[in-house]
Participant: 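Input: one structure, supplied below.
Only heavy atoms go into these numbers, but all of them, side chains included; no hydrogens, no water, no symmetry mates. Just so you know, residue 1 is the first one in the sequence shown, and it goes up from there. From a predicted model like this one, the values you see are computed outputs, not experimental measurements.
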Amino acid sequence: MTATQTCPYGSWPSPIDAGLAASLDGRPEYLGTVGPEVWWTEPRPREAGRRALVRRRPAGTGSEVSELPPPWNVRSRVTEYGGRPWAGAERATGGPLLVFVHLADQRLYAYEPDAPGAPDPRPLTPVSATGGGLRWADPVLRGDEVWCVLEEFTGPAPTDVRRVLAAVPLDGSAAGDRTAVRELGDDRHRFTTGPRLSPDGRRAAWLVWDHPRMPWDGTELQLAEVTADGRLAGTRTVLGGPDESVAQVDWTADGTLLAVSDRGGWWNPYRVDPDTGWAVNLCLREEEFGGALWKPGLRWLAPLPDGLVAVLHGQGSSVLGILDPESGDLVDAAGPWTAWQPTLAVHGSRVYGVAASPRSAYEVVELDTASGHARVVGAQGADPVDPAYYPEPQSRTFLGPDDRQIHAHVYPPHHPACRAPADELPPYVVWAHGGPTDHVPPVLDLHIAYFTSRGIGVVEVNYGGSTGYGRAYRERLREQWGVVDVEDCAAVARALAAEGTADPDRLAIRGGSAGGWTAAASLAATDLYACAAIIYPVLDLRGFAEETHDLESRYIDGLAGPPQTLAVLCRERSPVARADRITAPFVLLQGLDDPVCPPAQAERLLAAMRGRPVPHAYLAFEGEGHGFRRADTMVRALEAELSLYAQVFGIERTDVPRLALETSS
């Protein structure tokens, strides 16, 4: 056993370096089954952020796990965040037929890995004649066609775009001919998910919504008859509206329509009469059985052939359960997993999901509902380091202004062979998640372990506005962005300092995207933090509304207020407008190809800081968009962040390059 060393917080040696954290970043997504096979997409940070399409055959069939090799990169850019990028079915002649979106050109491709000669994927859709291009997502195979979402740019502005359900022929005739793509409906609604077809093929259901609403504000469940010639007729709304968010729709094997709706204040599962719209709650609980529909194709429930329904449910984080829709009984799967991603797939009595725990990163899990046994069928391999270095999260509830509850996960510094002097309190970094309509569960994240194993504590705050705690908790942020999120993060930081958990003089805040807004706004609103890491952020309300992509171009209406009040709110809350109040050092990290939070946001803050004696650094990364995906980028970003904390907190570290902090002249 290694003897315990006494070292100052932040100076502890750690085997979790930035390269390791970066190489294991990301998680599996978009599970699906093709017969008995399981397929999903998986990140490859060391391959410039490529997402591989991974195949797992049943045990005993030779090489069980394989993937579609480079250069194929399976990711859609519909609404910039993407959506489900592939679908598959068994061919009549045997073997799988896959269709997928390739990131580089956003075309749909067909792929038959077991066909004679193992042919390369072949294109199904054309190269766009316009700069914005044609994009596709959330596909389903129907006969000799692929039905999916088509996104088509009609002009140079990010909002010059239309979306419609479309049918793409599988014979490749549309690969050079846009007119061969059949549009199944109109573009009356600005946003849509892909269709879900009833088992008999006679009906299709999908979700739509319109600006200024976001999908967690209000969506509509559309239903149409599928005609004999493969068209949609008699489209009508059967559930949802401006104040009801329907997050998912699906069909059971016997043709029953299921939906996840928050009409009762929580996303719960409902049985819906397709003719009358009458909805019956199948499991009335103050828990979330759904979430924010940031991307089409997310799945929180999946019907099984025997009538049971696999569901993800919980508060703050989710577990996998099997619901009997007749009795309402719900039995949870056994296992160590504490959070599940919104992707489920079913084959026979087996359910597949993506789950993680405080001791394990996200992995593909199989549940045999017949036996109740769950096992891992897709993972990154053995632990890359001794799990003794992993942090041990504490899920806690704090009180904020007006005694409102604030949910957070506290990760104290943790090391198997180091401790700090008894009279020293640890530095802490408040992590503000993105979205802001999102949340973080308490699971293993090597980016967090990178800091905690060095003696720097982390607390992730699910501030008011986060998902996972019901609609009322989400609505706390309505027209209060830059106020409630800032106050909640500060309340948690102050509480940790007051109870003696954190050093009040060594508190920092960091966040990406909307979390970057919260981090920067916090520097302008309070002197609580000694420094901040601000990552691909929103920094200017008016600029964001004008410059961002179509999906979020009206998001500010709900977060801050209507357009006519934006100029005033921008002066009151935007970090760019309040730069004169920022006195703490910061590092600003930005992808130069970011269509969501363009570099112009960061550049305006830098211009506003010019001439002020505030140490800061700006690192911009070519080829990175919204959310860093390349290993070398993540390494540079993590090391820069650690160097900032070391310099500001007075920590000696020689294992990372020193970040040059400069003042603008």
Side-chain angles (χ1 to χ4, degrees), residues 28-44 47 50-76 83-127 134-150 166-178 180-182 194-195 197 201 230 297 343 345-348 350 352 364 366 377-378:
E29 287 185 308
Y30 302 117
L31 281 170
T33 54
V34 182
E37 299 181 355
V38 189
W39 292 70
W40 64 86
T41 68
E42 194 170 277
R44 298 287 182 265
E47 299 176 25
R50 183 177 79 93
R51 287 202 72 92
L53 185 60
V54 178
R55 175 188 194 182
R56 189 184 190 283
R57 296 176 175 88
T61 56
S63 178
E64 291 182 17
V65 179
S66 59
E67 67 179 56
L68 183 61
W72 300 106
N73 190 347
V74 182
R75 181 158 68 93
S76 169
R84 186 175 182 85
W86 75 275
E90 288 186 292
R91 298 184 307 156
T93 56
L97 167 63
L98 282 294
V99 295
F100 67 88
V101 179
H102 179 45
L103 176 66
D105 57 16
Q106 286 299 288
R107 300 172 81 184
L108 269 176
Y109 286 79
Y111 176 47
E112 299 177 71
D114 295 345
D120 289 335
R122 53 185 175 83
L124 299 179
T125 54
V127 176
L134 302 172
R135 299 176 181 178
W136 316 85
D138 209 7
V140 61
L141 293 172
R142 181 187 181 274
D144 57 2
E145 292 181 321
V146 185
W147 285 23
C148 57
V149 177
L150 161 61
V168 177
L170 280 169
D171 63 7
S173 58
D177 182 8
R178 166 68 177 83
V181 176
R182 290 196 306 119
L197 298 170
T343 180
V346 168
H347 176 69
R350 299 179 187 274
Y352 299 90
V364 179
E366 175 194 79
V377 296

Participant: With sequence neighbours left out, what residues match Val140 under side chain to side chain contact (heavy atoms under 4.5 Å, CB included)?
Facilitator: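 Val140 satisfies side chain to side chain contact (heavy atoms under 4.5 Å, CB included) with Trp147, Pro195, Leu197 once adjacent residues are dropped.
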Participant: If you round to the nearest 0.5 Å, how far is CG of Leu108 from OG1 of Thr125?
Facilitator: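 Between Thr125 OG1 and Leu108 CG, I get 4.5 Å after rounding to 0.5 Å.
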Participant: For the residue pair Val146 and Leu124, what are the closest heavy atoms and their distance?
Facilitator: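 Scanning both residues, the minimum pair turns out to be CG2-CD1, 4.2 Å.
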Participant: Out of curiosity, Glu37 CD to His347 NE2, how far, rounded to the nearest 0.5 Å?
Facilitator: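 Result: 10.0 Å between the selected atoms.
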Participant: Calculate, to the nearest 0.5 Å, the distance between atoms CZ and CD belonging to Arg135 and Gln106 respectively.
Facilitator: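 One finds 6.0 Å between CZ of Arg135 and CD of Gln106.
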Participant: Would you say that Leu31 contacts Val364 through its side chain, given a criterion of any heavy-atom pair below 4.5 Å between the two side chains?
Facilitator: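 Answer yes - side chains close enough.
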Participant: Minimum heavy-atom separation for Arg107 and Ala175, please, with both atom names.
Facilitator: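 Closest approach of Arg107 to Ala175: NH2-O, 3.1 Å.
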Participant: Quick check: do Thr41 and Pro85 have side-chain heavy atoms less than 4.5 Å from each other?
Facilitator: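 Side chain of Thr41 against side chain of Pro85, heavy atoms only: contact under 4.5 Å found.
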Participant: Once side-chain hydrogen bond (donor to acceptor under 3.5 Å, both in side chains) is applied, do any residues pair with Arg84, and if so which ones, sequence neighbours excluded?
Facilitator: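 Not a single residue meets the side-chain hydrogen bond (donor to acceptor under 3.5 Å, both in side chains) criterion with Arg84.
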Participant: Closest approach of Ala52 and Glu67, non-hydrogen atoms and distance?
Facilitator: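 It is CB-OE2, 3.7 Å.
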Participant: How many angstroms lie between CG in Asp114 and CG in Leu97, if you round to the nearest 0.5 Å?
Facilitator: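 Reported value, rounded in 0.5 Å steps: 11.0 Å.
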Participant: Is there a side-chain contact between Leu141 and Val99 (heavy atoms, below 4.5 Å)?
Facilitator: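 Leu141 vs Val99: side chains touch.
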Participant: Tell me every residue that passes ring-ring contact (aromatic ring centres under 6.0 Å, His included) with Phe100, counting only those two or more places apart in sequence or in another chain.
Facilitator: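 Expected list: Trp72, Tyr109.
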Participant: Under the side-chain hydrogen bond (donor to acceptor under 3.5 Å, both in side chains) rule, collect the residues that match up with Arg142, sequence neighbours excluded.
Facilitator: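 In terms of side-chain hydrogen bond (donor to acceptor under 3.5 Å, both in side chains), with neighbours along the sequence ignored, Arg142 is linked to no residue.
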Participant: Begin with the C-alpha distance, continue with both residues' side-chain angles, and end with the deciding distance and a verdict on side-chain contact (heavy atoms from CB on, under 4.5 Å) for Val74 and Tyr111.
Facilitator: CA-CA 12 Å; Val74 182; Tyr111 176 47; over 6 Å; no
Participant: How close do Arg178 and Leu150 get, heavy atom to heavy atom, and via which atoms?
Facilitator: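 Heavy atoms of Arg178 and Leu150 come nearest at NH2-CD2, 3.5 Å.
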Participant: Evaluate the side-chain proximity of Glu112 to Arg122: yes if any heavy-atom separation is below 4.5 Å, no if none is.
Facilitator: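 Side-chain contact under 4.5 Å: yes.
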Participant: Please list, chain by chain and in numerical order, all residues satisfying side-chain hydrogen bond (donor to acceptor under 3.5 Å, both in side chains) with Glu47, sequence neighbours excluded.
Facilitator: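 Glu47: side-chain hydrogen bond (donor to acceptor under 3.5 Å, both in side chains) contacts with Arg50.
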Participant: Has the side chain of Asp138 got a donor or acceptor atom that lies under 3.5 Å from a matching backbone atom of Cys148?
Facilitator: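 Absent.
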Participant: Any chance you could measure Leu53, atom CG, to Arg75, atom CZ, to the nearest 0.5 Å?
Facilitator: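 Output value for this atom pair is 14.5 Å.
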Participant: Could you tell me which non-hydrogen atom of Val101 sits nearest to which non-hydrogen atom of Ser76, and how far apart they are?
Facilitator: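 Result for this residue pair: CG1-CA, 3.9 Å.
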Participant: Looking at residues at least two apart in the chain, or sitting in another chain, which of them share a side-chain hydrogen bond (donor to acceptor under 3.5 Å, both in side chains) with Trp86?
Facilitator: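 Testing Trp86 for side-chain hydrogen bond (donor to acceptor under 3.5 Å, both in side chains), a comparison that skips the adjacent residues, returns none.
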Participant: So, taking the atom named CZ in Arg56 and the one named OG1 in Thr33, what distance separates them when rounded to the nearest 0.5 Å?
Facilitator: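 So the CZ of Arg56 and the OG1 of Thr33 are separated by 13.5 Å.
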Participant: How close do Asp177 and Pro126 get, heavy atom to heavy atom, and via which atoms?
Facilitator: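 The pair with the smallest heavy-atom distance is N-CB, 4.3 Å.
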